[in-house]
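Only one structure is covered here, and it is reproduced in the block below.
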Number of protein chains: 2
Amino acid sequence: MKKIKETPSCLTCSIAKTCIFKTLPTEELEKIEYEKTVHFYKKNSIIYREGNRINGFYCVNSGVVKLYKTGLEGREQIIRFGKPGSIIGYRSILSGELACTTAKTIEDTVACFISGAKLIEMVTKHASFAMELMKLTCKELGESNKYILDIAQKTVRERLAEILILLIENFGIDDDNVLRILLTREELANMVGTATESVIRLLSEFKADNVIELKGRKIKIMHLEQLQKISNL
Amino acid sequence: MKKIKETPSCLTCSIAKTCIFKTLPTEELEKIEYEKTVHFYKKNSIIYREGNRINGFYCVNSGVVKLYKTGLEGREQIIRFGKPGSIIGYRSILSGELACTTAKTIEDTVACFISGAKLIEMVTKHASFAMELMKLTCKELGESNKYILDIAQKTVRERLAEILILLIENFGIDDDNVLRILLTREELANMVGTATESVIRLLSEFKADNVIELKGRKIKIMHLEQLQKISNL
DNA sequence: AAAAATAGCAGATTTAAGTCATTTTTTAAT
DNA sequence: ATTAAAAAATGACTTAAATCTGCTATTTTT
């Protein structure tokens, strides 16, 4: 099942309700369409690195990107994911800082690059866009703050259950209740903020308790309410 | 040393360079001046609670406010502080969510309340204000993400040292190198995300190593570079 | 200034979770 | 399909940090 590399159009792409550009008038979208550059990334490619000065942001068209910070011993801490419709790298543009995360694809990904100047122009020209962008940022901030509480006060077991729930909310499950994203145990550990071995052990426990089923990287959700109970949400 | 309760003026107050209103034209400031309501809070007063729907935000004029989330067993996790010039409660206005933290004064505090409608009006009317607000939000987001990494990967010892450094950067030290904010050990623990006893023990260790000196809640910084070394920053 | 309440401190014990080492399984590449 | 490489699983051991307890010193309130 090979996919053809097709340049996405802003006009069709922006139909998605989740997209930040939804309030922009068509003529503005056409300008973006003209100005943007489309990039094709293979799995495990780095889009930008923590500490880079990036002069624009990316809108993910297809694929999945993990955004992570790197700790002292090189251990990754995954902050969030970018999926189709997400924008990434915008924070550093707006704050005037360097990128605070590394963006790495975990699937083949297509992302459109739009310059920081254009972003600022859109914020300035279209108040509704500015509002949408703020809403997005403030939601992210709320999520980050929530996670600070969790990581500070919850057990690894509770956090792992919560992360699984967040992944379900974010990526969904298929007809067979299998999570629609494949992550390594290490990546899960890097989200939870724990050791890979701990994730492996806990997933096995969840499986033993019939909360989930495991087949390679596929995680099948057997009892969501049980997961919620464990997560102490 | 009693202070007279004096209604602050936006025009003098906004002189501070850190203030979000710095780019607004005088006539807009005058309107805010007219519309705002000034509130006087005693120490340990709650301005708003996590989960509240607040229909405006507060600009701290004097005093200090701690913003915290409450965990399962009622343990507080301090997310940040509001000090003169800071705005608090704006996140939930912009994201359209409920307040994600509780705001409680830790000193007698004066704060000005401005309606959410006014905030949105300012964002819509003044692009430069929108940019400033985004910059602020994005900086906060960067800080929160940084703290997720720290709390996930650093030891309590490292985090405590880092928190002390952050407090120095935020509140400064006086001529005698004493930190210009007084926090209980419990509040420090609620920032670090650890048990009060651990903070007590570690502060004692820092003192034994001549990094700091303690007198009640006063923390005197003896060797900042040593603290930085411990924090692994 | 005295009393009551709260905060700070230290030792002993427990425990959750990390680390290390080894084997088995899965995934990716030729 | 076969092999190589990476990831997953499991067991043994270690350790950082939490909890519990009792005691002392500071704040705060009256």
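We name chains A, B, ... by the order of the sequence lines, and we start the count at 1 in each one.
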Extract from the structure each pairing of a protein N or O with an N or O of nucleotides 20-27 of chain C at less than 3.5 Å, listing the distance.
from: C/dC20; atom 1: N4; to: A/E197; atom 2: OE2; distance (Å): 3.2

Range on DNA chain D touched by chain B, heavy atoms, distance below 4.0 Å: D/dA17 to D/dT28
Axis bend over the full length of the helix from C/dA1-D/dT30 to C/dT30-D/dA1, computed from five pairs that close each end, to 10 degrees: 70°
Spacing between B/E205 atom CD and C/dG8 atom P, to the nearest angstrom: 17 Å
A/Q226 (side chain) donor-acceptor with A/V211 (main chain) under 3.5 angstrom: no
Donor-acceptor contact present, side-chain A/K69 to main-chain B/N145, <3.5 Å: no
Check: A/M191 and A/L183 side chains under 4.5 Å, non-hydrogen atoms: yes
Side chain to side chain contact (heavy atoms under 4.5 Å, CB included) evaluation trace for B/I79 with B/Y147: CA-CA 9 Å; B/I79 301 295; B/Y147 202 56; over 6 Å; no
Throw together a table of side-chain donor-acceptor distances under 3.5 angstrom for residues 101-110 of chain A, partners on residues two or more places apart or in other chains.
from: A/T102; atom 1: OG1; to: A/E50; atom 2: N; distance (Å): 3.0
from: A/T105; atom 1: OG1; to: A/K42; atom 2: O; distance (Å): 2.7
from: A/T105; atom 1: OG1; to: A/N44; atom 2: N; distance (Å): 3.0
from: A/T105; atom 1: OG1; to: A/S45; atom 2: N; distance (Å): 2.9
from: A/T105; atom 1: OG1; to: A/S45; atom 2: O; distance (Å): 3.4
from: A/D108; atom 1: OD1; to: A/K43; atom 2: N; distance (Å): 2.8
from: A/T109; atom 1: OG1; to: A/V64; atom 2: N; distance (Å): 3.4
from: A/T109; atom 1: OG1; to: A/E107; atom 2: O; distance (Å): 2.8

Members of residues 172-187 of chain B that approach DNA chain D, where some heavy atom sits under 4.0 Å away: none
Test side-chain hydrogen bond (donor to acceptor under 3.5 Å, both in side chains) applied to B/H223 - qualifying residues, sequence neighbours left out: none
Pair listing, salt bridge (charged side-chain N to carboxylate O under 4.0 Å, His left out) test, anchored in residues 56-68 of chain A, at least two apart: A/K66-A/E76, A/K66-A/E187
N/O donor-acceptor pair under 3.5 Å between A/S144 side chain and A/L141 backbone: no
Pair B/I219-B/L214, side chain to side chain contact (heavy atoms under 4.5 Å, CB included): steps then yes or no: CA-CA 5 Å; B/I219 299 174; B/L214 299 169; 3.9 Å; yes
Qualifying salt bridge (charged side-chain N to carboxylate O under 4.0 Å, His left out) pairs with a residue from residues 212-226 of chain A, counting only residues at least two apart or across chains: A/D176-A/K220
B/N44 CG to C/dA5 P, straight-line distance once rounded to whole Å: 17 Å
Under 3.5 Å, sequence neighbours excluded: what are the donor-acceptor pairs made by side chains of residues 194-208 of chain B?
from: B/S204; atom 1: OG; to: B/I200; atom 2: O; distance (Å): 2.9
from: B/E205; atom 1: OE1; to: B/R157; atom 2: NH1; distance (Å): 2.7

Flag, side chain of B/Q153 to backbone of A/R75, donor-acceptor distance under 3.5 Å: yes
Sugar-phosphate only, base, or nothing, as touched by A/T196 at under 4.0 Å among non-hydrogen atoms: nothing
Listed once per pair and sorted, the salt bridge (charged side-chain N to carboxylate O under 4.0 Å, His left out) pairs that draw on residues 158-168 of chain A, sequence neighbours left out: A/K146-A/E162, A/K154-A/E162
Summary of ring-ring contact (aromatic ring centres under 6.0 Å, His included) pairs that have at least one residue in residues 166-204 of chain A, sequence neighbours excluded: A/F81-A/F171
Contacting residues from residues 148-167 of chain B, given that a heavy atom lies under 4.0 angstrom of DNA chain D: B/T155, B/V156
Parallel, tilted or perpendicular: ring planes of A/Y48 versus A/Y58, cut at 30 and 60 degrees: parallel
